Amino acid sequence: MDDRYDPQQIEPRWQQVWADERTWEVSNSALQDADADPVYVLEMLPYPSGEPHVGHLKNYAIGDAVAHFKRRHGKTVLHPMGFDSFGLPAENNAIKTGEHPRDATEKSIKSFQRQFREWGVSIDWSREIASHRPEYYRWTQWLFLQFFKNGLVERRSAAVNWDPVDETVLANEQVIDGRGERSGALVEIRQLEQWFLRITDYAQRLLDDLDTIDWPEHVKTMQRNWIGRSAGAEVRFRCDELDTEYEVFTTRPDTLFGATFFVMAPEHPDVMKLVEGTDREDEVRAYVQKALTADRTERGAADKPKTGVALGREVVNPVNGERLPMYVADYVLIDYGTGAIMAVPGHDQRDFDFAQAYGLPVKRVIVGANDDAPDDFASDANAWALSEEALPYVGDGPLVNSHADFDGTPNRDALAAITAWLNEQGKGEEAINFRLRDWLISRQRYWGCPIPIIHCDSCGMVPVPEDQLPVVLPEIEDYKPKGKSPLAAAEDWVNTTCPTCARPALRETDTLDTFVDSSWYFLRYTDAQNDQAAFDPAVANRWMPIDQYIGGVEHAILHLLYARFFCKALTDIGVLDVNEPFQALFTQGMITKDGAKMSKSKGNTVAPREIVDKFGADTARTYALFLGPPDQDADWSDEGVEGVYRFLSRLWRLSAEAAEQMVHAAPISEGASAGSSAPHPAGATTPDGCEGDDLELIRKAHWAIDKVTGDMGRRFAFNTAVAAVMELTNAISARRNALVGNGASSRAAEATDEGGTFVNDQVVANLEGWAAIRFALATANSLLQPFAPHLTADAYERLTGCRVWEQAWPAAEQQYLERDEFELVVQVQGKVRDRVTVSASASREELEALAMGREKIQPFLEGKTVVKVIVVPGKLVNVVVR
RNA sequence: GCCCGGGUGGCGGAACGGUAGACGCGGCGGACUCAAAAUUCGCUUCUGGUGACAGAGUGGGGGUUCGAAUCCCCCCCCGGGUACCA
């Protein structure tokens, strides 16, 4: 028998077993069994580009560990895989090289599939999907049409990055310092007709239902902040000159009386209307043009000097009739609120900065805590000692300089009162505003899902009839046509007839945002073969929600929010009954190399392929989980990989050796038929009657069961779980060395052949030791199986004759966890001064007395008075002196 | 800018408010070997001391507590997201 750990030999053998037996496939009919306990474990699907990287390895190592752990707790686990195969990188590659995005993508998918198999990930491949295949995107289109028919789709104009040289729309990512990454041309902002999904209709529910799901708190916080609910009022400001009213959203109606000017966002559609034909027109036009092309993230910077231009118009403050000058300024955002604000420089930092820069009046309407209050301030507001240097004041306080009805009222109370008053007067009303914007789903790109709409001159926008789906993505010559969406070049495809009136009509040439594809793929997995529907609601509802979703924290907002929205909307439409798709979420951290994000340009990438070739998949997977807490970023180290390889080698060698020992011991110890080489079938149960070092080893094994079970089940602490199995393996190795000496191998088999009785006597003498070792090894392999499925299957079979993945997860027995002694720490002033082994049953009083009597602490008590003694049973005694 | 994370030995990291540094890497020393590799055993936060031991120590500053890496406040640095990368 080969005593060398050889993953290249072990791993393919077990992968073959799982493939032949379709071990990881689950059928939907199995769900009809009342005893079925279905669990859905899912990692975010990969975008197939090139080969998988170590980030993928980590993601699927985590997910696979969870899937195995659940299976071994008796669950029926759905664990599928697919590919998010539409997207920009493949299209960019096509523009550069002429290679069809489909070819590059399919090639990449093949590589991903092969490597996932080589990693031994327990995937149900019968449910595989790829979003670029017509049999998938047919249903993406169908879902779009359901949204369309239910009024959740809108078409309206929106700003895009426009590259005037390439004549194409750019993704934000393609805009570098305001220039197109390919052309280098200054990017313009253009307004184009776009498709939207009305996710804002769901803002409140998306916010509220976060309370019902088991997600990391910081991810929920990010989503809450992204949705950005704020309560306030909408107030109408009249512009007499143009005979229009402008609505403003404010969270601070209490400061309405302090407004001294009015500001519009550069994108506001009325800005140019307001200055048309006036002497302001040129200056305003120049400012707007500049603001529109400026870098979006820089624009919001608080420390950036405020800029703007006067419009030469005024609006009337509805609460006091004051005339406020109008400005356009880029610190006002078109996407938030109404794109126009009332400016209250006395109580808002940004308004204050702007007022300072443009010499505008600053008015105080709330009294600060440090201002001196007159006794009767309501009747004599001017008696206030107003400290102008303290402005802007953003805190709370009583109102002043406002209105007789409100002066003196604490501003928080005045908020509601003023809102009610506005409502009475018809000048405004209570309003909730969300930061969340509608989801822009159309893209002027080739490599995406065609939008199934036909534009007809007579009938308008007509949905493609469902029985004509899919609208197949046409073949085109040039992936970068000038000025239009690339699909517009496929004239035979674009020119069609209207499904309603049969007259000539044109197909929509935009494609869908790839986030649409990935917002429902987890539903398709539940019923992936269905060619009559996107999914059977009964099947999807049975599997959903996903019990454990796992993916990168970089998706914490967009993907997760869109998928949540999809499920709610589809549930409202009536094709699904899933309020929240991801009941539990785990977000993994990034793997870096030498402290930096891996990238091809830096040349610091690590390909899993090389690791797997050199050390095997078990090592690669285990290391990916061992290198740190999986939810945090971690740095990859090649030396660390070797450490894990050494650990796995040792575990496997010890297992192989112990299995051999038992084969020879069996006829003698078990009374089994002579010459039988059948492995001990009960190797996984705790041997009885062990004492001394053997008992200690058994205790260690049960400690490891307890530790690994807790680390995996409660907190996803795979790194410490692996460490626990390492500790157990170290203990096994030490016990084994005590039995047979430190030689590389005991060569029991050879010895038996040569030595006859003497060796057998030795084996008998060591029988109890080997039983303990074998149990500990079976336990170590069993605990490590979710991380290293191949070698543990191999070793466990040798040790017990059983398939480890079919075994129930081991249970720690309390009697082996409890100790009758512990090490008491003795502290003085919180500093450790002594340790002593004491009985676990010692009372508080006994612990205190014992501690106080310790010789080592006496010098620290000398000349001091003992003020207090803290006793923490099972842990420590802390003596507090003065 | 805004939102969310993170910062602990030479390195990756461990530590329900209760022994800082588990486990692994690296380093040093020993065993085995003609030798090397592999394996195996021991030591390894820093400073002082032969040593027992003492002092310091979890990005910086303050606070709460008998006791803080952990909780609170302020600051610095690094990472993710920021709506057309996925």
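Note: hydrogens, waters and symmetry copies are ignored here, and every other heavy atom, side chains too, is used. Lettering follows sequence order; numbering is per chain, from 1. Computed from a predicted model, the values in this text were never measured in an experiment.
Using the six-membered ring where Trp is involved, A:W652 and A:Y5 have ring planes that are tilted, between 30° and 60° apart. Below 30°, between 30° and 60°, or above 60°: for A:W447 and A:H132 the angle between ring planes is between 30° and 60°, a tilted geometry. The aromatic rings of A:Y202 and A:F565 sit perpendicular, their planes meeting at an angle over 60°, well past the 30° parallel limit.
Nearest-nucleotide assignment on RNA chain B puts the 5′-proximal partner with A:E727, out of A:E727 and A:R833. Projected onto RNA chain B by closest heavy-atom contact, A:L170 and A:V219 fall at different nucleotides, the more 5' of which corresponds to A:V219.
The local environment of NZ in A:K614 is sparse, with at most 12 non-hydrogen atoms from other residues, nucleotides or ligands closer than 6.0 Å.
Taking 4.0 angstrom as the limit, A:R435 places none of its side-chain polar atoms (N or O) nearer than this to OP1 or OP2 of B:C3. For B:G24, the OP1/OP2 oxygens have a side-chain nitrogen or oxygen of A:N730 closer than 4.0 Å. A:N719 has no side-chain polar atom (N or O) that falls below the 4.0 Å cut-off from OP1 or OP2 of B:G24. Considering only side-chain N and O atoms, A:R646 lies under 4.0 angstrom from the phosphate OP1 or OP2 of B:G26. Listed pair A:R715 / B:A15 meets the phosphate criterion, a side-chain N or O lying under 4.0 Å from OP1 or OP2. For the OP1/OP2 pair of B:A56 and a distance below 4.0 Å, the side-chain nitrogens and oxygens of A:K831 include at least one atom meeting the criterion. Contact between the side-chain N/O atoms of A:N737 and the OP1/OP2 oxygens of B:C41 is found at a separation under 4.0 Å.
Proximity note for A:V169 (side chain, C-beta onward) versus B:C84, B:A86, B:C16: the nearest is B:C84. Checked against B:G6, B:G80, B:A15, the side chain of A:M590 finds its nearest nucleotide in B:G80. Taking the side chain of A:A723 as heavy atoms from C-beta on, and the options B:C23, B:C16, B:G12, the nearest nucleotide is B:C23. Of the candidates B:G80, B:C41, B:C84, B:G80 carries the atom nearest the A:V553 side chain, counting heavy atoms from C-beta on.
In this model, a donor atom of one side chain and an acceptor atom of the other lie less than 3.5 Å apart for A:T720 and A:R715.
When heavy atoms are screened at a 4.0 angstrom cut-off, A:E639 is found touching the sugar-phosphate backbone but no base atom. Counting non-hydrogen atoms under 4.0 angstrom, A:L876 reaches a base of the nucleic acid. Nucleic acid contact for A:V644: none, since no nucleic acid atom lies under 4.0 Å from a heavy atom of the residue. Contact annotation for A:V825: base contact, defined as any heavy-atom pair under 4.0 Å involving a base atom.
Every ring-ring contact (aromatic ring centres under 6.0 Å, His included) that A:H53 has, sequence neighbours left out, goes to A:H56.
Separating the P atom of B:C77 from that of B:C41 is a span of 47 Å, rounded to the nearest Å. Of the C1' atoms belonging to B:U65 and B:G18, the separation is 12 Å, rounded to the nearest Å. A distance of about 31 Å separates the P atoms of B:G48 and B:A14, rounded to the whole Å. Between B:A31 and B:G17, the two C1' atoms lie 45 Å apart (nearest whole Å). Nucleotides B:A86 and B:C74 have their P atoms positioned 38 Å apart, rounded to a whole Å. Distance check on atom P: B:G9 versus B:G5 gives 23 Å, rounded to whole Å. With both ends at atom P, the span from B:G49 to B:C43 equals 23 Å, rounded to whole Å.
For A:N878 against B:C66, a side-chain N or O and a base N or O form a donor-acceptor pair under 3.5 Å. Between the base of B:C84 and the side chain of A:Q444 there is a donor-acceptor pair shorter than 3.5 Å. A donor-acceptor contact under 3.5 Å is formed by the side chain of A:R445 with the base of B:C84.
In this structure, B:G67 is classed as anti because its glycosidic torsion departs from zero by more than 90°.
At whole-Å resolution of the value, CG in A:N59 and P in B:A86 are 17 Å apart.
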